[in-house]
Amino acid sequence: MKFFVDTANLDQIREAQDLGVLDGVTTNPSLMAKEGIKGKDAILKHYIDICNIVDGDVSAEVLSTEYADMIKEGEELAALHPQIVVKVPATKDGIKAVKYLSGKDIKTNCTLVFSAGQALLAAKAGATYVSPFIGRLDDTSTDGIALIAQIVEMFNYYDFETQVLAASIRHTMHIIQCVEAGADVATCPLHAIEGLLKHPLTDLGLAQFAKDTQKMS
Ligand code: E4P
């Protein structure tokens, strides 16, 4: 399973990259706004900065909601850097934009996916990734992981090449559940990735080894 870090914070992206297991980055307008990025030039520069830190795919979301504007914006984003993946919402205009952009060999990430039907249309339109939002579904008493499993099964059954990018991951256990469900990618906050390393027995074992190391000197 690939690991993307879900942030627009350059320090966190560097930290995740330094860990040596990072495969890409996802951003969205809320994450960009959180970093205080304002205005078109600053937005485009920020995406290039991210691409210069990591080796893999970097999702950059269109801000437009109408088809004609989405494809114009998508082409502009894709021209920024070969690592850019154009992120488009799972709406009627969005699906049309995915179809258009994938026809131009531009990588796409169909986002704000909350149902198998949306994922099906995104895959048929040729999306590189679909992003089902686990945490936001869990917030509404709906099983987000069950949707990941359902989409994985559907894509396997029909041999769709579209990758299931589990998004809206809130904590470490979500990552493990994504592995069990067969997601291709998990995009995670840095703390959720780092949580994979946490184990009290590792800490205890290390403390004991440190004590015993002293006995050897
Ligand atoms: C990433 O592609 C999504 O935009 C992101 O994971 C959404 O996460 P949130 O539901 O925690 O805002």
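Whatever order the structure lists ligands and atoms in, that order sets their numbers, starting from 1.
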Query raised in the report: Judged by modelled atom types alone, do Lys107 and Gln83 share a side-chain donor-acceptor pair under 3.5 Å?
Result: no

Taking only Lys NZ, Arg NE, NH1 and NH2, and the carboxylate oxygens of Asp or Glu, determine whether Asp49 and Lys45 approach each other closer than 4.0 Å.
yes

For atom 5 (C) of ligand 1, the closest protein heavy atom turns out to be Asp6 OD2, 3.1 Å

Under 4.0 Å from one or more heavy atoms of Thr26, ligand 1 contributes atoms 1 (C), 2 (O)

Atom 12 (O) of ligand 1 has as its nearest protein heavy atom Arg136 NH2, 2.8 Å

request  = Would you confirm whether Glu61, through its side chain, and Val86, through its main-chain N or O, come within 3.5 Å as a donor-acceptor pair?
outcome  = no

Tightest non-hydrogen contact, residues His191 and Thr172, listed as O-OG1, 4.2 Å

re atom 11 (O) of ligand 1, the protein heavy-atom contact at minimum distance is Arg170 NE, 3.3 Å

Atom 8 (O) of ligand 1 has as its nearest protein heavy atom Ser168 CA, 3.4 Å

heavy-atom search around atom 3 (C) of ligand 1 in the protein gives Phe133 CZ, 3.5 Å

Between Ser131 and the options Asn109, Val164, Thr26, Val113, the side-chain contact (heavy atoms from CB on, under 4.5 Å) test singles out Asn109

Just say parallel, tilted or perpendicular for the rings of His171 and His174, cut-offs at 30° and 60°. parallel

| field | salt_bridge(Arg14, Asp11) N-O dist < 4.0 Å | value | yes

for atom 4 (O) of ligand 1, nearest protein heavy atom and its distance come out as Asn28 ND2, 2.7 Å

Atom 2 (O) of ligand 1 has as its nearest protein heavy atom Lys87 NZ, 2.6 Å

Ligand 1 contacted by Thr111 (non-hydrogen, < 4.0 Å): no

